[in-house]
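Report on the structure given below.
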Amino acid sequence: MKRRGRMIFFLLSAAVFAGVYLWGLKGLPAVGHYRGPYGDVLNQVATYERHVTDIVTAVNFDYRGFDTLGEEFILFMSVVGGTVLLRRQREEEKSEHKDQALSDESPERQAPEPSDATRVLTLGLVGPLVVFGLYIVAHGQLTPGGGFQGGVILATAPLLVYLAGDLKKFKQITSHTLVEVAEAAGAGAYLAIGFAGLILGGAYLRNVAALGKTGMINSGGTIALINLATGLEVAAGFVLLLYAFLEQTLEIRLRGGK
Amino acid sequence: MSTLAPLPVVIPLSVAAILSALNKFVGRRLSEALAILTTIATGLICGELLLQARVQPVIHWFGGWTPRAGVALGISFVIDPIGAGAAVFTSLLVLAALIFSLHYFDTVGTLFHVLMLGFLGAMCGFALTGDLFNLFVFFELMSASAFALCGYKVEEPESMQGALNFGITNTVGAFLVLSGIGLLYGRTGALNMAQIGRTLGGNLDGLVITAFVFIMAGFFVKAAVFPFHFWLADAHAVAPTPVCVLFSGIMVELGIYAVLRVYWVIFDGPFAAHRWDVRALLLAVGSITAVVGAVMCFGQRHIKRLLAFSTVSHVGLLTIGFGVLKEDALAGVALYVLGHGLVKAALFLVAGLLLHRFSSVDELELHGRACRMHATGVVFFAAALGLASMPGFATFLGESGIIDGAKGIGQGWVRAVFVISGMLTAGAVLRVWGRVFRGMGKADDAETASAKKIDEGRETKAASHGIPAAMFAPAAGLVLLAIAIGLTPGVKRAVRTAAIVMQDRTGYQARVLEHAWISVTPAEEEHTPIGKGLAWSFGTTAAALALAFLSLSPYWPTKHVLVRPVAKTVHLLRAIHSGHVGDYVAFLTFGVAAFGVVLAVLIHLR
Amino acid sequence: MSFFPYAVAAWLFVIGLYGIVTSRNFVHLVICLAVLQSSTYVLLLSIGYRVGGTAPVFAGVRVGTPAVDPVVQALMLTDIVVEATVVALLLALALQLHKRANTLDPDKLKALEG
Amino acid sequence: MLFLQFTILSFVAVTATAVVLTRDPAKQAIGISFYGLVMALMFFIFQAPDVALSQIVIGAVALPLMILLALTKIRRHEEEQRERKEKKAA
């Protein structure tokens with residue numbers, strides 16, 4: 001179709017589409033009048049049954065924990081997919097061999113030199129960021145946050161190191177093999193906790209750990225454990241994902257020269 | 001509660017995680033062996049689940065959260081014979097694809113196997129789950145693996161474009177599904193399919209219609225039903241062959257499976273009084289899909305694209321089977337998926353063999369070049385006959401089931417659609433066979449010389465001279481299996497029983513929400529004479545052969561006056577398959593709008 | 001107010017579709033897809049909302065206090081991950097496409113016609 | 001409260017429209033980051049702090065970052081192509 005034809009065709013269809021959608025939405029209860037029962041039942045029972053105060057975390061990692069397992073693997077598969085799609089091609093490698101002189105430490109491969117002040121500031125932020133990320137992960141069952149949110153925060157820490165211009169350190173921190181193993185270990189731990197439930201309790205992902213005292217950091221049984229596993233997986237996964245994109249920009253700088 | 005139920009999902013995922021962790025330390029052979037063993041194990045577990053489900057559907061509540069007073073707190077797997085059968089079939093095709101890829105591209109690394117195992121786990125979960133949102137999660141997991149697998153050959157721009165078109169349209173489809181789920185959740189406060197179905201009861205209003213249209217359209221994007229089918233040919237043309245096998249053989253069919261499941265568990269209650277309206281929509285859409293796919297199929301010279309359009313056509317037939325809304329037809333759909341998946345997978349594998357051997361999948365370029373590959377030629381020929389639903393193949397059982405069902409509701413005309421689809425798709429494949437394996441027809445005529453050449457990137461290191469057994473055996477095995485299923489007595493009856501279980505909405509609800517033990521009553525023996533069906537199917541096969549030979553002969557009319565309008569229509573049809581993602585999404589929007597309006601108008605007229 | 005959030009959800013879906021259909025750049029298109037997705041956030045959020053309800057976190061709040069629905073929030077968390085991963089994969093594809101075809105404009109790509 | 005909800009929702013709709021209508025992807029990346037923040041604010045107002053936190057880290061940080069990195073790469077590639085062409089012309 002030509003651009004104009006496509007536009008007219010789309011606009012007509014979209015008007016009808018919107019009509020159909022609004023017709024459907026009209027059948028919903030008015031906003032602000034959620035009728036339950038699913039969420040209400042869980043709000044009532046989750047704290048007693050699982051000794052957690054953040055019900056969303058309980059839903060995520062226990063009542064509907066299997067969804068989250070699937071979600072972890074969506075992330076996992078996209079990281080693998082991203083690595084596969086952004087892998088270096090033969091011809092790219094070849095041209096790299098030609099420019100062998102430009103090794104990792106060469107100035108060509110580095111980010112623009114930041115000023116000392118930026119350096120100190122960004123590197124100084126890494127510590128608090130990591131602590132904050134860990135805090136968010138560890139308190140998942142108590143307050144808003146959890147393995148997922150904390151994991152992403154943790155994943156941005158190595159990026160600060162990169163922004164500070166310390167590429168060598170950055171490479172050390174994000175040692176590819178290690179991060180890959182960490183990611184798989186996180187995903188594997190989630191699966192393993194599920195298996196423990198299957199073997200000891202007869203149902204996949206059933207809680208088999210002590211529940212602890214409500215409000216304490218070690219409460220929630222498997223919820224706390226899965227939370228940690230998720231934190232590891234998500235942090236490593238996002239490091240790999242961001243790294244895959246970052247490497248693309250590095251590679252072109254290497255080849256492009258000036 | 002069965003402890004086996006979660007394994008078809010978690011075992012492949014576990015091995016995928018392990019393989020990815022050991023990515024740098026595991027050699028190709030070891031990772032291949034692990035992947036194949038895992039697939040076999042998964043298939044065996046699914047097989048055991050299938051045996052259990054024949055007595056009573058298997059239910060597993062994750063986390064041990066069984067429902068309380070009819071409210072489901074957790075996620076359940078509800079494994080009935082059709083779901084378990086889909087999972088077994090998935091494992092089988094993944095196995096064939098993995099064996100084939102033993103000698104396939106040199107770039108195959110551990111990560112390829114990780115993606116394949118993730119894809120396997122996702123498809124099994126998709127087939128087994130009883131929770132609507134969980135269905136969406138597995139839909140997305142399937143997509144995430146599939147996008148990467150589709151774009152695996154990153155060297156080629158077409159590959160990237162095809163994968164992008166696939167990714168974008170399917171993601172829009174996924175959000176349609178999610179919006180539909182949201183509507184249902186807002187109404188019922190439930191995500192468990194049985195509970196949603198029970199809460200909805202028989203009430204039909206705008207919300208239910210919209211939710212049905214959104215969810216159906218979303219899954220139809222995956223299933224490649226017109227007008228949501230455009231991505232399929234692009235994705236198939238560019239994806240590596242083993243991946244095509246899975247796309248055409250099972251992923252697309254799972255889209256139909258999901259609509260079937262959702263319809264029979266959730267929407268059959270509200271639509272019970274309006275079945276004829278649903279039928280009208282589905283029969284029309286199915287027929288259009290079947291004819292469009294068949295016509296487009298016949299016009300291709302890129303063999304993988306040709307096979308892809310044939311899949312579109314056959315999905316149209318499956319949609320018709322679904323649209324009949326009868327158990328005979330549903331059983332027919334299940335058998336047709338089996339039969340079609342087997343022969344289509346075999347055809348793709350042979351296309352992969354040709355690509356491996358001659359570095360091309362262009363029908364005209366390959367003219368006469370495979371004359372000495374006798375065994376491969378036989379497999380290709382036989383698979384083409386299976387595509388025409390020749391009696392003896394499982395596709396024939398499926399076709400007769402669907403048509404019997406259609407006759408039962410007075411819609412015998414659908415036979416014509418089956419004949420057209422079978423004739424054109426099988427005719428196209430047989431034409432390829434004649435040209436490539438027999439050297440028939442002219443090599444390159446003036447018209448085609450000017451046509452654009454097809455560049456298909458090589459998937460293997462060098463065009464080798466022999467054919468590795470690992471590449472040939474899966475293709476031959478799949479065709480033989482399609483024949484074996486077609487000739488086994490009692491298959492039809494067993495599948496009919498399974499279909500009755502799938503359609504039993506109240507039974508499903510009681511089993512899931514109340515742990516009720518309702519034993520499965522086997523379907524009664526069939527006594528429908530199949531003589532007439534036999535004649536029709538042989539006739540279709542013969543017509544396909546005749547069409548193929550005619551198109552290879554000098555008498556093929558290309559410029560005759562009578563042909564011109566046909567050529568014009570075909571040209572128009574080809575023009576809308578533009579490869580432009582904007583067009584695809586515009587058609588998608590149109591499709592959803594049209595589905596909604598048609599259903600609403602039909603329902604209000606009554 | 002009782003319908004407005006739903007209307008916003010529908011609007012986001014349609015405007016996202018519009019962006020996708022008219023896009024001349026695959027990166028732009030992927031961002032529009034993210035906008036389209038945010039329609040589902042708004043939909044789910046408004047379905048589970050309850051006037052006067054607290055967040056479903058009972059730290060310092062007694063269990064039994066009226067609260068909004070935790071389930072849709074869990075669904076949205078999954079949805080957000082899906083968004084991030086889909087965008088990442090599609091961006092990777094777009095990047096490679098640009099490397100090979102030197103363009104990101106769907107109008108200029110003709111390889112998959114017919 | 002009602003007013004706040006109404007305002008934020010309108011703001012979401014307007015921002016989304018602006019993001020879609022911005023045709024330059026580089027500007028759009030900034031736009032989507034802002035949009036992520038607006039969405040996060042909406043989640044807070046609608047009593048969904050868990051989601052808000054996710055939305056901040058993903059929608060406002062991780063996603064725009066990926067987009068910007070991809071754009072950097074694309075721009076460099078374009079420059080390189082142009083240079084190559086100029087070299088050929090010269």
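All chains are named by letter (A, B, ...) in the order of the sequence lines, taking the proteins before the strands, and each is independently numbered beginning at 1.
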Residue [X] versus chain C: region with a heavy atom under 4.5 Å:
X     : value
A/E72 : neither
A/Y48 : side chain
A/L42 : side chain
A/L75 : both
A/T68 : neither

Let me confirm one number: the [atom1]-[atom2] distance from [X] to [Y], rounded to the nearest 0.5 Å.
X     : Y     : atom1 : atom2 : answer
A/N43 : C/D69 : CG    : CG    : 7.5 Å
C/L77 : A/N60 : CG    : CG    : 5.0 Å
C/I47 : A/R35 : CD1   : CZ    : 11.0 Å
A/K26 : C/F3  : NZ    : CZ    : 8.5 Å

For [X] versus [Y], what's the shortest heavy-atom pair and its separation?
X      : Y     : value
A/V56  : C/A74 : CG1-N, 4.1 Å
C/Q96  : A/L86 : NE2-CA, 3.6 Å
C/T85  : A/S78 : CB-OG, 3.0 Å
C/V81  : A/E71 : CG2-OE2, 3.1 Å
A/V59  : C/P70 : CG2-CB, 4.2 Å
A/F238 : C/A84 : CZ-CB, 4.1 Å

So C/F13 and A/F17, would you call those rings parallel, tilted or perpendicular, with 30° and 60° as cut-offs?
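Rings of C/F13 and A/F17: tilted, 30 to 60°.
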Region of [X] that comes under 4.5 Å of a non-hydrogen atom in chain A:
X     : value
C/L75 : side chain
C/S39 : side chain
C/V68 : backbone
C/A55 : neither
C/L89 : both

Under 4.0 Å between a Lys/Arg side-chain N and an Asp/Glu carboxylate O for C/R50 and A/D40?
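Looking at A/D40 together with C/R50, the answer is yes, because their closest N to O distance falls below 4.0 Å.
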side-chain contact (heavy atoms from CB on, under 4.5 Å) between A/F10 and C/T22, worked out:
CA-CA 9 Å; A/F10 169 75; C/T22 57; 5.7 Å; no
Any side-chain heavy-atom pair from A/F9 and C/V21 closer than 4.5 angstrom?
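Side chain of A/F9 against side chain of C/V21, heavy atoms only: no contact under 4.5 Å found.
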Between C/F58 and A/I55, is the side-chain contact (heavy atoms from CB on, under 4.5 Å) condition met? List the steps.
CA-CA 8 Å; C/F58 297 105; A/I55 312 298; 3.4 Å; yes
Run C/L43 and A/Y21 through side-chain contact (heavy atoms from CB on, under 4.5 Å) and show every step you take.
CA-CA 11 Å; C/L43 176 67; A/Y21 197 3; 3.6 Å; yes
Looking at A/T47, A/I74, A/L28, which makes the most heavy-atom pairs under 4.5 Å with chain C?
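Between A/T47, A/I74, A/L28, the count favours A/L28.
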